[in-house]
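Beneath this line is the structure, given in structure tokens, with notes to follow.
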Amino acid sequence: MSGFGKGCHLHLIDGSAFIFRAFHALPPLTRKSDGLPIGAVSGFCNMIFKMVEDNRGPDAPTHVAVIFDKGSHTFRNDLYDKYKANRDEMPEDLRPQIPLTREATRAFNIACIELEGFEADDIIATYAREARERGGRVTIISSDKDLMQLVGGGVEMFDAMKNTRLGPEEVEAKFGVPPDRVIDVQALAGDSVDNIPGAPGIGIKTAAQLINEYGDLDTLLARAEEIRQPKRRQTLIEFADQIRLSRQLVTLDDSVEGLEPLDDLDVREPDAEALMAFLSQMEFRTLTRRIAEKMGVEAPEMPEPGSAAAAAAAGDAPEPAALKAGFDAQGYQTVSDRAALDAWITLIRERGHVAVDTETTSLDEMRAELVGISLAVEPGSACYIPLGHVTGEGDLLGAAERAPGQMAMDEALSMLKPVLEDDAILKIGQNMKYDMKILARVGIDVAPIADTMLMSYALHAGLHGHGMDTLAERYLNHTPIPIKSILGSGKAQVTFDRVPIAEATAYAAEDADITLRLWMLFAPKLGAEHVATVYETLERPLVPVLARMEMAGVKVDRDHLSRMSNAFAQKMAQLEDEIQSLAGRKFNVGSPKQLGEILFDEMSLAGGKKGKTGAYGTGADVLEELAAQGHDLPARVLDWRQISKLKSTYTDALQGHIHPETGRVHTSYVISGATTGRLASTDPNLQNIPVRTEEGRRIREAFVAEKGNVLVSLDYSQIELRILAHIAGIDSLKQAFQDGLDIHAMTASEMFGVPIEGMDPMVRRQAKAINFGVIYGISAFGLANNLRIPRDQARDFIDRYFERFPGIREYMDETVAFAKDTGHVLTLFGRRIHTPEIGAKGPRAGFAQRAAINAPIQGTAADIIRRAMIRVPRAIEGLPARMLLQVHDELLFEVEEGAAEETIARVRAVMEAAAEPAVRLDVPLTVDAGRGPNWAAAH
DNA sequence: GTAATCACG
DNA sequence: GACGTACGTGATTACG
């Protein structure tokens with residue numbers, strides 16, 4: 001049979017929808033030999049096979065095709081930029097399976113249809129229309145409601161999962177209108193999955209009622225004035241344009257051009273050999289056997305999983321247990337020509353994933369120069385591509401010659417670029433942010449990515465660090481070649497470009513190899529340990545966002561800092577003189593040891609306490625106590641210390657961090673640095689720039705906007721207390737936040753029975769300290785220390801607080817009990833923070849318990865701002881604005897002056913809604929915003 | 001390399 | 001009844 005006409009029956013299979021359903025419905029299955037995720041491919045093949053089997057009867061299709069989506073941008077994105085904008089990124093386990101489902105379709109000898117820039121639904125609509133016009137029947141194998149508008153006139157749908165047919169009656173039962181009015185109902189009701197706005201407050205029920213009453217959408221909109229219900233009438237009038245736009249979005253395009261002719265979709269018998277080859281390559285044991293039986297052919301030899309033969313049969317698959325053994329530098333290849341690199345690229349394309357590691361001249365991504373790239377596609381099989389090595393000797397000036405045996409940098413990069421940017425190839429790295437930044441500087445935008453460091457963080461936060469050496473030792477029982485053995489240390493240390501290529505290969509290829517093995521080990525664990533969502537929504541998508549922020553940097557006014565440094569130096573010299581004359585001799589004011597001796601031995605002041613190291617304590621609290629007793633020397637030392645800190649850490653050091661080319665300071669965020677989910681900022685730390693004192697705030701004035709721009713700061717108000725109110729379920733606290741009250745004043749009022757109006761600031765301050773204490777896992781000792789009150793008074797405050805807010809105590813007890821029971825605590829978003837010390841005895845028990853109480857609160861706040869940051873780029877797309885810094889509950893932007901208000905509005909909306917839809921908080925999140933020429937003014 | 005100190009949320 | 005604590009970070013300096 002070939003030509004399509006009357007009596008013909010076309011089956012259109014919605015491939016993309018099916019892959020997603022298979023992926024989410026099935027447990028994460030991986031290929032035995034190398035850990036390649038293949039669950040969705042397996043589900044897909046089973047479904048195709050079932051379709052083929054079921055369709056041998058009298059109702060058999062004469063024509064069949066599997067239709068896939070291709071490309072992420074369609075005409076709907078041009079109509080509406082938020083179309084499907086709330087879709088999460090594709091899970092990394094799924095991505096490498098996408099090309100395999102195409103292969104599977106072809107292996108079954110079924111037409112595989114996709115067209116760049118078109119959704120599968122439009123292609124299906126086009127074929128369905130043509131088939132109907134030519135007098136044939138159509139069955140659409142899908143349960144997607146967006147396709148239901150096509151039903152009728154010989155077109156039916158079939159839900160392969162539920163094994164049910166959908167005709168016009170079923171569609172009408174679902175939408176309340178006949179199929180030809182479905183788009184009208186969808187246009188009104190909207191769709192949260194595809195982000196179709198529709199008419200606010202109108203769902204399918206109301207929409208159907210309206211359409212049935214007025215006949216169709218145009219009539220309804222034209223006669224909206226007649227609607228009796230005032231709210232509905234107003235909505236339809238006000239949102240008429242949005243409703244029309246929604247209809248455009250939901251209406252399928254049934255005239256897609258450039259498709260394979262319908263006549264060519266005729267059912268063909270699969271080629272047994274090709275099909276068996278594909279199935280055995282995927283290592284589908286059961287399915288291969290079943291299909292072989294049906295087709296009457298011999299199933300290909302497929303040895304038992306885990307056996308030595310299994311590895312051999314899979315071609316160049318790894319040795320059994322290869323994940324934990326078989327590191328062999330001999331097996332690593334140095335790639336120095338086109339042909340060799342081509343061979344690796346072919347391997348990568350076959351696999352759909354590759355572990356990547358870059359070697360550079362520095363750990364500072366903004367200054368590092370690319371020296372080489374290593375790749376690994378399966379355990380034990382890795383290569384290194386040297387690109388910027390120089391000969392070790394060099395002349396006296398340090399000038400060195402390019403080492404022989406290397407590809408030209410440009411040539412290698414232009415070959416790798418398509419692979420590193422290919423949507424269908426997963427790039428696996430350990431701390432991928434680093435490699436992404438290095439490669440971005442040579443014009444390569446790496447995507448999509450996986451990160452073993454972040455996988456470990458999602459799995460093991462609180463248990464140990466997540467550096468590669470730690471992970472290799474713990475999980476692969478292997479100690480990697482130490483970098484020091486390659487570069488040397490101290491004065492003799494060289495940069496990586498001076499390492500001989502053979503040694504560099506052994507080191508670099510091993511890193512890629514380890515990374516790949518860790519990925520294979522961790523990837524299936526994410527699902528099994530229930531942290532896949534954390535990794536996919538809070539870790540992985542943050543990487544490109546942070547990479548962009550770090551590369552943007554923030555402009556710092558060097559002269560401003562320099563002037564402050566000079567002023568500080570003078571002031572310090574003056575204070576030093578005063579201090580030394582008060583002491584009666586010269587000493588190093590910066591030495592706590594010497595200061596302790598002066599204060600407590602020579603001057604015989606009371607209150608000297610030696611710590612465990614035998615030294616006197618001279619911390620700020622001790623000095624403040626002495627100063628309060630009227631001693632001048634400690635008061636001067638406090639002043640000196642403050643200025644010394646500001647000078648050394650900020651006004652001096654920050655100048656050294658100004659990048660010579662950009663004139664800006666580029667921090668680096670450590671995503672897995674803090675156990676709670678917070679970020680850490682290093683080199684320099686821009687999360688602890690002074691703000692609490694007047695002199696400190698002047699340092700923030702050095703953080704400025706470029707000409708014509710302003711800095712915009714947005715920060716969450718009281719986010720941790722709000723989270724506490726939600727998690728512990730404290731009604732009075734929740735109510736106070738809903739009413740927008742001053743939460744510390746309200747706490748004081750509840751505790752001490754004083755009115756909020758005209759409250760003594762001291763009373764409010766005490767309540768504030770208690771509120772913070774609660775977040776930290778309050779103790780009488782800690783509160784007493786903080787408020788400088790007797791311990792029994794602190795005890796009394798705490799008792800009264802728990803009496804007034806009994807839910808807090810329950811939360812604390814339950815959290816500690818949970819931690820003892822499971823060894824971890826959870827944030828609202830499922831982030832897992834391990835508490836290995838929770839069972840400890842002695843003082844460490846208290847530490848662990850307070851940390852366990854604090855972690856879900858601090859961690860949930862960290863999750864929320866991460867969610868906001870991930871959504872920000874899309875929200876400010878098109879605006880002349882960039883996100884520069886994150887300081888735990890604050891985001892800092894640099895914006896062209898005219899766009900400041902719009903930026904504030906959009907970012908505030910994102911931040912305030914950041915918990916949704918995953919979590920619906922009982923308290924509102926509110927965001928304060930400011931703008932100004934510098935960071936101090938933006939607050 | 002570690003301890004003490006102090007900057008931030 | 002004693003232990004000895006507020007939670008989470010990073011940079012700098014002194015000192016062994």
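Reminder, nothing fancy here: chain letters follow the sequence lines and each chain counts from 1. Everything numeric here is computed off the predicted structure, so don't read it as measured data.
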Requested in this report: Using the C1' atom as the reference point in each nucleotide, state the distance between B:dT2 and C:dA6 in Å, no decimals.
Outcome: 24 Å

**Report entry** Check: A:His659 side chain, A:Met366 main-chain N or O, donor-acceptor pair, under 3.5 Å
**Finding:** yes

Query raised in the report: Heavy atoms under 4.0 Å, any strand shown: does A:Asn786 hit a base, just sugar-phosphate, or nothing?
Result: base

Report task. Check every strand shown and say whether A:Ala620 touches a base, only sugar-phosphate, or nothing at a heavy-atom separation below 4.0 Å. Result -> sugar-phosphate

Report task. Would you indicate what A:Gly846 reaches in the nucleic acid, counting non-hydrogen atoms under 4.0 angstrom: base, sugar-phosphate, or nothing? Result -> nothing

Query raised in the report: Do the ring centers of A:Tyr801 and A:Phe797 come within less than 6.0 Å of each other?
Result: no

Requested in this report: Check the surroundings of atom CZ in A:Arg844: do more than 12 heavy atoms from other residues, nucleotides or ligands lie under 6.0 Å from it?
Outcome: no

Requested in this report: Please state how far atom NZ in A:Lys768 lies from atom P in C:dA6, giving the value in whole angstrom units.
Outcome: 19 Å

Query raised in the report: So what does A:Val670 hit on the nucleic acid, given a heavy-atom distance under 4.0 Å: a base, only sugar-phosphate, or nothing?
Result: nothing

Query raised in the report: What nucleic acid atoms does A:Ala862 come within less than 4.0 Å of, heavy atoms only: base, sugar-phosphate, or nothing?
Result: nothing

Requested in this report: May I ask you to decide whether A:Glu803 forms a salt bridge with A:Arg809, counting only side-chain N to carboxylate O separations under 4.0 Å?
Outcome: no

Query raised in the report: Which part of the nucleic acid, if any, lies within reach of A:Gln594 when heavy atoms closer than 4.0 Å are counted: base, sugar-phosphate only, or nothing?
Result: sugar-phosphate

**Report entry** Sugar-phosphate, base or nothing in reach of A:Gln642, heavy atoms under 4.0 Å
**Finding:** sugar-phosphate

Requested in this report: Please work out if A:Asn688 contacts a base, only the sugar-phosphate, or nothing of the nucleic acid, heavy-atom cut-off 4.0 Å.
Outcome: base

Report summary line: Mate of C:dT13 across any strand shown (Watson-Crick or G-U wobble, both atom pairs under 3.5 Å) is B:dA3

Report task. Under 4.0 Å between any heavy atoms, over every strand shown, what does A:Ala769 touch: base, sugar-phosphate, or nothing? Just pick one. Result -> base

Requested in this report: Scan A:Arg641 against the nucleic acid and name what it touches under 4.0 Å (heavy atoms): base, sugar-phosphate only, or nothing.
Outcome: sugar-phosphate

Query raised in the report: Within the structure shown, what part of the strands sits under 4.0 Å from A:Ser779 by heavy-atom distance: base, sugar-phosphate, or nothing?
Result: base

Query raised in the report: A:Phe847 near the nucleic acid: base, sugar-phosphate alone, or nothing, with a heavy-atom cut-off under 4.0 Å?
Result: sugar-phosphate

**Report entry** Watson-Crick or G-U wobble mate for C:dG4, both contacts under 3.5 Å
**Finding:** none

Query raised in the report: Given the rule in the side-chain contact (heavy atoms from CB on, under 4.5 Å) test, do A:Arg867 and A:Arg871 qualify, once you have shown the distances and angles that lead to the verdict?
Result: CA-CA 6 Å; A:Arg867 291 169 64 90; A:Arg871 292 174 186 177; 3.0 Å; yes

